[in-house]
Q: 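One structure, pasted below without further comment.
In what follows, every chain begins at residue 1, and chains take the letters A, B, ... in the order their sequences are listed. Bear in mind that the values here come from a model prediction, so they are computed numbers and not experimental data.
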Number of protein chains: 2
Amino acid sequence: MRFIANYTNKVDRKGRVSVPARFRTALAESAWPGIVVYESFKLPCLEASAREYIDALSDRLTSDFGAFDDEKEALAAAILGAAFDLPFDSEGRILLPQSLLEFAGIDDAAVFVGVGEKFLIWSPEAWERYRDEQRARARSAAARLGALGRQAPRHPEAAAGDGA
Amino acid sequence: MRFIANYTNKVDRKGRVSVPARFRTALAESAWPGIVVYESFKLPCLEASAREYIDALSDRLTSDFGAFDDEKEALAAAILGAAFDLPFDSEGRILLPQSLLEFAGIDDAAVFVGVGEKFLIWSPEAWERYRDEQRARARSAAARLGALGRQAPRHPEAAAGDGA
DNA sequence: CAGTTTTTCCCATGATATCCCATAAGAACC
DNA sequence: GGTTCTTATGGGATATCATGGGAAAAACTG
């Protein structure tokens, strides 16, 4: 159950989108034919994962009847209450609720981005914007680190016997 | 028996509301065709669950804490005594008593919010307000509680800055 | 006990989701 | 390079769901 790479699929007039076949294959281990989708806390996109993933989270939050913990309960409501359990249709598509489409700014296409145990669903524009930002960030970070990183390993003698 | 997602349904002039079909399906395991509804202690909303859940809660409160703990006993009495056992009509609706409608400030629409083993019933306005508040809190709470800790390190966005 | 109100059941309807099939586009395979 | 299989996408038919209204049944009241 591991998602990688990204795929762009169309959202049809009825709000249906095909979940990439690769992802569906990964999802096949799951007992439930569908995914759970919810709004990301940090990014303007949706997050999706196997039902089991959320169930485990739910268990941790409400397991013991110690459901009498304000903070846990609030968190459970915020996460679980905003998550949708979306079954696949016979073609492997899901029907995204209006509220989720709006949240992510998804109109007629969606980008599925695998990030390990779950995947993100973006509007193409937002995804591109985010990706570019991250690249720029990575570039400058690399440049900064690279200046140091390149010298040290190449001139072991200059660093005088640190090495392995 | 697991509730997630949220659905908004209308309350008609007679005080009837459809329980979301998804919830009814989850409830189908229950022997009793209806739900138990009571006022939440901490939130301005109603809580609902399968009959069995309340029974278990009842057992737990009385056995674990015995007759010693006045506070728990009071809690049990408050919950069990004020709970309504609401049957479905043939269309899968329930008839919410006036007192509950008033408590939750529900007028002509109700939001059903699944949170694991039970679900909440809110007035649309109150739910939206609460949800927005919690979303903000959830971010930090998630990190602190470690509820999402398992995923956090794996999230690119968790490490990178905010993309929004 | 009759009049009156409330509750329960049943049916009608529009909206929505689900299923099923058809086609196209692409990838994998010979 | 051509063929075959998988995947994505679209549309139409069908079933399900939410919702409203009305009639029958029960409860309540004077």
Side-chain angles (χ1 to χ4, degrees), chain A residues 3-28 30 32-37 46 48 51 83-102 106-114 119 121-124 127, chain B residues 3-28 30 32-35 37 46 48 84-102 106-114 119-124 127:
Chain A
F3 309 106
I4 59 167
N6 71 87
Y7 306 87
T8 302
N9 286 340
K10 283 191 185 171
V11 178
D12 69 20
R13 227 166 305 171
K14 298 179 182 175
R16 297 178 298 187
V17 222
S18 285
V19 173
R22 280 289 174 70
F23 288 7
R24 290 203 310 263
T25 310
L27 246 5
S30 173
W32 194 75
I35 57 177
V36 175
V37 183
L46 307 175
R51 178 71 205 243
F84 287 83
D85 206 331
L86 308 177
F88 291 136
D89 71 4
S90 47
E91 267 69 53
R93 289 175 287 199
I94 53 170
L95 184 65
L96 286 171
Q98 198 58 33
S99 65
L100 293 184
L101 289 174
E102 278 168 19
I106 293 171
D107 180 31
D108 62 346
V111 185
F112 291 77
V113 183
F119 56 91
I121 307 178
W122 290 81
S123 85
W127 165 243
Chain B
F3 309 104
I4 68 170
N6 68 88
Y7 305 88
T8 302
N9 286 340
K10 284 190 183 171
V11 178
D12 69 19
R13 229 164 301 169
K14 299 178 182 175
R16 297 178 298 186
V17 223
S18 285
V19 173
R22 274 287 176 67
F23 288 7
R24 290 201 310 262
T25 310
L27 246 6
S30 172
W32 196 74
I35 57 178
V37 184
L46 308 175
F84 289 82
D85 215 324
L86 307 176
F88 291 136
D89 72 5
S90 51
E91 268 69 43
R93 288 176 287 200
I94 54 170
L95 186 63
L96 285 170
Q98 197 57 34
S99 65
L100 292 185
L101 288 174
E102 277 168 18
I106 294 171
D107 180 30
D108 63 346
V111 185
F112 292 76
V113 182
F119 56 90
L120 313 177
I121 307 178
W122 289 80
S123 86
W127 163 243

Q: Suppose we call two aromatic rings close when their centres sit under 6.0 Å apart. Are B:F23 and B:F3 close by that rule?
A: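 Yes, the ring of B:F23 comes within the 6.0 Å limit of the ring of B:F3, centre to centre.
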Q: Check whether any side-chain heavy atom of B:P97 sits under 4.5 Å from a side-chain heavy atom of B:V37, and report yes or no.
A: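 Of all side-chain heavy-atom pairs linking B:V37 with B:P97, none is under 4.5 Å.
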Q: Going by heavy atoms in the side chains, are B:V113 and B:F119 under 4.5 Å from each other?
A: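 Answer no - side chains too far apart.
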Q: Rounded to the nearest 0.5 Å, how far apart are CD1 of A:I94 and CZ of A:F88?
A: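 So the gap between those two atoms works out to 7.0 Å.
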Q: What pairs with A:D89 under salt bridge (Lys or Arg N to Asp or Glu O under 4.0 Å), at least two apart in sequence or on another chain?
A: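 A:R93.
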Q: Looking only at atom types and distance, does a side-chain atom of B:N9 sit under 3.5 Å from a main-chain N or O of B:V17, one as donor and one as acceptor?
A: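 Side chain of B:N9 to backbone of B:V17, a donor-acceptor pair under 3.5 Å: no, none is there.
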Q: Assign B:R24 to base, sugar-phosphate, or nothing according to its heavy-atom contacts below 4.0 angstrom with the strands shown.
A: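 Sugar-phosphate, backbone atoms only, no base.
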Q: Among residues 88-98 of chain A, which contact DNA chain C at a heavy-atom distance under 4.0 Å?
A: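 Residues of residues 88-98 of chain A that come under 4.0 Å of DNA chain C are, in numerical order, A:S90, A:E91, A:R93, A:L95.
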Q: When you look at A:I106 and A:L46, which way does the side-chain contact (heavy atoms from CB on, under 4.5 Å) test go after all the steps?
A: CA-CA 10 Å; A:I106 293 171; A:L46 307 175; 4.3 Å; yes
Q: Rounded to the nearest 0.5 Å, what separates atom CZ in A:R22 from atom CD1 in A:I4?
A: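 Spacing of CZ (A:R22) from CD1 (A:I4) equals 8.0 Å.
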Q: Look only at the side chain of A:R51 and the backbone of A:D85, and say whether a donor-acceptor pair between them is shorter than 3.5 Å.
A: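 No, the answer is negative, given that no donor and acceptor are paired below the 3.5 Å cut-off.
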Q: Can you name the residues that form a side-chain hydrogen bond (donor to acceptor under 3.5 Å, both in side chains) with A:D12, not counting sequence neighbours?
A: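 A:R16.
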Q: Let me test you: for the helix from C:dC1-D:dG30 to C:dC30-D:dG1, what is the angle between the axes at its two ends (five pairs each), rounded to 10 degrees?
A: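 Both end axes considered, the difference amounts to 30°.
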Q: What is the distance, to the nearest angstrom, from the OH atom on A:Y7 to the C1' atom on D:dT9?
A: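 Taking OH of A:Y7 and C1' of D:dT9, I get 18 Å after rounding.
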Q: Just how far, in rounded Å, is P of D:dC17 from CZ of B:F23?
A: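 These atoms are roughly 14 Å apart.
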Q: For residues 9-21 of chain A, which residues have at least one heavy atom under 4.0 Å from DNA chain D?
A: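 Going residue by residue through residues 9-21 of chain A, the ones with a heavy atom under 4.0 Å of DNA chain D turn out to be A:N9, A:K10, A:D12, A:R13, A:K14, A:R16, A:S18, A:V19, A:P20, A:A21.
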Q: On a heavy-atom basis, which atom in A:W127 and which in A:V111 lie closest, and how many Å separate them?
A: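 Here A:W127 and A:V111 meet closest at CD1-CG1, 3.8 Å.
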Q: Parallel, tilted or perpendicular: which fits the ring planes of B:Y7 and A:F84, with parallel below 30° and perpendicular above 60°?
A: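 Plane angle over 60°, so perpendicular.
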Q: On DNA chain C, which is the earliest and which the latest nucleotide, 5' to 3', with an atom closer than 4.0 Å to a heavy atom of chain B?
A: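 Under 4.0 Å from chain B, the extent on DNA chain C is C:dT8 to C:dC11.
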Q: Write down the atom of B:L27, the atom of B:G34, and the distance for their closest heavy-atom approach.
A: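 So the two residues come closest at CG-O, 4.4 Å.
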